[in-house]
Amino acid sequence: RLATEHANFGTSGAAWLLSCTGWPNSARRTLPRPTSSTDAELLVLAGEEDPSTPLVGGQALASDLGSAAVLLVSELAGHTSFGSSACVDEHVVEYLTSARAPAPETVCPRG
């Protein structure tokens with residue numbers, strides 16, 4: 001059913017679920033909200049058309065981290081943006097080498 005309803009990841013998702021067969025059923029756990037204890041800005045990279053880690057997750061992470069985080073959005077289709085977009089690469093490399101995040105609300109266009 002997963003493979004039919006979710007063409008991209010249904011088969012692999014079903015395999016992940018089957019690996020949990022036999023585990024005891026536990027109460028739903030609430031994950032702690034992310035926090036940051038650094039003074040450095042944090043870069044959160046999220047893609048508008050990422051089927052595995054949707055944009056809404058990146059937005060939520062950046063929101064939870066508050067003023068400590070800058071969200072960089074990629075309009076590329078697919079799961080990863082780094083290495084696939086000159087714009088994303090430029091911002092990520094700049095962040096990793098100088099700890100300077102892009103301006104808030106920066107969007108790297110498709111193409």
Side-chain angles (χ1 to χ4, degrees):
R1 188 180 106 243
L2 284 173
T4 301
E5 293 176 9
H6 307 280
N8 289 333
F9 296 100
T11 301
S12 59
W16 296 331
L17 291 174
L18 289 174
S19 68
C20 301
T21 301
W23 287 17
N25 191 6
S26 61
R28 183 178 178 97
R29 296 188 180 138
T30 302
L31 295 175
R33 292 188 67 170
T35 60
S36 171
S37 60
T38 180
D39 291 333
E41 277 186 310
L42 303 172
L43 178 61
V44 177
L45 172 58
E48 284 188 351
E49 295 186 38
D50 185 333
S52 295
T53 53
L55 177 59
V56 68
Q59 291 168 325
L61 176 60
S63 175
D64 283 349
L65 292 170
S67 61
V70 173
L71 176 64
L72 172 61
V73 175
S74 169
E75 292 181 337
L76 287 177
H79 178 50
T80 58
S81 299
F82 186 72
S84 301
S85 161
C87 174
V88 170
D89 292 357
E90 177 183 326
H91 289 298
V92 171
V93 169
E94 175 71 16
Y95 175 77
L96 292 174
T97 58
S98 70
R100 284 191 302 265
E105 300 183 29
T106 297
V107 176
C108 286
R110 180 188 309 239

Engineer: Filter on disulfide bond (SG atoms under 2.5 Å apart), then keep only pairs touching residues 52-111, sequence neighbours left out; what's left?
Structural biologist: C87-C108
Engineer: Report the distance from atom OG of S85 to atom CG of L76, rounding to the nearest 0.5 Å.
Structural biologist: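 Taking OG in S85 and CG in L76, the distance rounds to 5.0 Å.
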Engineer: Quick one: side chains of residues 41-50, donor-acceptor pairs under 3.5 Å with protein atoms, not counting sequence neighbours, listed by atom name and distance.
Structural biologist:
unit_1 : atom_1 : unit_2 : atom_2 : d
E49    : OE1    : R110   : NH2    : 3.3
E49    : OE2    : R110   : NH2    : 2.1
D50    : OD1    : S52    : N      : 2.8
D50    : OD1    : T53    : N      : 3.0
D50    : OD1    : H79    : ND1    : 3.0
D50    : OD2    : T53    : OG1    : 2.7
D50    : OD2    : H79    : ND1    : 3.2

Engineer: Quick check: closest heavy atoms across T97 and V93, and the distance to 0.1 Å?
Structural biologist: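 What the structure gives for the nearest pair is OG1-O, 2.7 Å.
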Engineer: Using every non-hydrogen atom in the two residues, find where L71 and A62 come nearest and quote the distance to one decimal.
Structural biologist: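 Nearest pair, atom of L71 first, then A62: CB-CB, 4.0 Å.
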Engineer: Is there a path of hydrophobic side-chain contacts, each under 4.5 Å between heavy atoms, that joins V70 and L55?
Structural biologist: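 No, V70 and L55 fall in different hydrophobic clusters.
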Engineer: So which pairs with a foot in residues 60-78 pass side chain to side chain donor-acceptor pair (under 3.5 Å), sequence neighbours left out?
Structural biologist: R33-D64, S74-S81
Engineer: Which other residues belong to the hydrophobic cluster containing V56, where Ile, Leu, Val, Met, Phe, Trp and Tyr are joined when side-chain heavy atoms lie under 4.5 Å apart, directly or via other members?
Structural biologist: none
Engineer: Hey, could you give me each pair passing salt bridge (Lys or Arg N to Asp or Glu O under 4.0 Å) that has a residue in residues 83-101? Not counting sequence neighbours.
Structural biologist: E94-R100
